[in-house]
> 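Take a look at this one; I'll ask things after.
No hydrogens, no waters, no symmetry mates; every other heavy atom, side chains included, goes into these values. Values in this document were obtained by computation on a predicted structure and should not be read as measured data. In each ligand, atom 1 is the first atom listed, and ligand 1 is the first ligand listed.
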Amino acid sequence: MANSDNLNSVVERKLFTEAEIADTCKRLGSELTTAYAGKRPIVVGALKGAVFFLTDLFREMDVKADLDFIDVSSYNGGTESTGKIVVEHDMSKDVKDRDVLIVEDIVDTGLTLQFMKDLLLKRGAKSVKCAVLLDKKARRTVDIEPEFVGYECPNEFVIGYGMDFDGLYRNLPYVGVLKPSEYQN
Ligand code: PRP
């Protein structure tokens, strides 16, 4: 039944379906299983957007690994990054001499990933790599590339599967493009 509160009503078009995302998690999980064979990495989810991707991806990794979270925010509820980054909630594990895999939903300007990598390397991590579902290369302002990438993302505002607009739509089960009418006056 039609419902104006329905999450689908703000989606211009689907970009990646649930089935496609599941296949991509399997592919990346297999790459990560190889990359971290014989190691015991700390898998760090970057809250909040990466939660859905992390839980699906982690279950595709046949690797002994620790799990942790960090909340680093760069957006202030709108569609553009402010460039200002703050640690809202820190990790609980000590990364010294550990291999760390950051899991992100999206890399946009790259500022958030660069900030986290610098922070964890400064704390003595042996290696810091990143697995990301969506790589929005067109928006990059710093020289950084995630090592494990699900999809290259078009330069549009995407929501769903963890990604929000003004705090909403994270629980859409697929990735879609937000209707411009939702953020244009
Ligand atoms: C989003 C996303 C990345 C970051 C990418 O997080 O999860 O962490 O922005 O942008 P950047 O490459 O331009 O730095 P956000 O700060 O919106 O927090 P959230 O995960 O809680 O939505």
> State plainly whether the residues D94 and K96 are in salt-bridge range, i.e. N to O under 4.0 Å.
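Between K96 and D94 there is no salt bridge, as every charged N stays at least 4.0 Å from the carboxylate O atoms.
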
> Please test Y174 against N8 for side chain to side chain donor-acceptor pair (under 3.5 Å), starting from the C-alpha separation and ending with a verdict.
CA-CA 10 Å; Y174 58 87; N8 294 295; 2.6 Å; yes

> Does ligand 1 have an atom under 4.0 Å from some heavy atom of L111?
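Yes, that is the case, since the closest heavy atom of the residue is under 4.0 Å from the ligand.
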
> Using distance alone, decide if ligand 1 has a nitrogen or oxygen within less than 3.5 Å of any nitrogen or oxygen in G110.
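Yes, since at least one N or O of G110 sits under 3.5 Å from an N or O of ligand 1.
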
> Report the part of D105 in contact with ligand 1, treating N, CA, C, O as backbone and CB onward as side chain, heavy atoms under 4.0 Å; options are side chain, backbone, both, neither.
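The side chain, only.
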
> By number and element, which atoms of ligand 1 are closer than 4.0 Å to a non-hydrogen atom of I106?
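Near I106, meaning under 4.0 Å from one of its heavy atoms, ligand 1 has 2 (C), 3 (C), 5 (C).
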
> Return yes if a side-chain donor-acceptor contact under 3.5 Å exists between D56 and Y161, otherwise no.
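Short answer, yes.
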
> Taking only heavy atoms of E104 into account, list the atoms of ligand 1 that are under 4.0 Å away from them.
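Matching atoms, with element in brackets: 2 (C), 3 (C), 7 (O), 8 (O).
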
> Between T33 and D62, does a side chain to side chain donor-acceptor pair (under 3.5 Å) hold up when you go through it step by step?
CA-CA 5 Å; T33 297; D62 188 7; over 6 Å; no

> Would you check whether R170 has a nitrogen or oxygen atom less than 3.5 angstrom from a nitrogen or oxygen atom of ligand 1?
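Yes, at least one N or O pair falls under 3.5 Å.
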
> Report the part of L47 in contact with ligand 1, treating N, CA, C, O as backbone and CB onward as side chain, heavy atoms under 4.0 Å; options are side chain, backbone, both, neither.
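For L47, the contact with ligand 1 is made by the backbone alone.
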
> Is it true that E145 and R140 make a salt bridge, defined as a side-chain N closer than 4.0 Å to a carboxylate O?
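Yes, charged N to carboxylate O under 4.0 Å.
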
> Could you check K39 against V63 for side chain to side chain contact (heavy atoms under 4.5 Å, CB included), going step by step and ending with a plain yes or no?
CA-CA 8 Å; K39 300 178 177 168; V63 166; over 6 Å; no

> Is the contact between R139 and ligand 1 made by the side chain, the backbone, both, or neither, using heavy atoms and a 4.0 Å cut-off?
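For R139, no heavy atom sits under 4.0 Å from ligand 1.
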
> Counting from 1, what ligand 1 atoms have a heavy atom of T109 closer than 4.0 Å?
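Those qualifying, in numeric order: 11 (P), 12 (O), 13 (O), 14 (O).
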
> Report the member of D164, L133, D108 with the shortest heavy-atom distance to atom 10 (O) of ligand 1.
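Nearest option to atom 10 (O) of ligand 1, by heavy atoms: D108.
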
> Less than 4.0 angstrom from a charged side-chain N to a carboxylate O is my criterion; do E12 and K179 meet it?
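Looking at K179 together with E12, the answer is no, because their closest N to O distance does not fall below 4.0 Å.
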
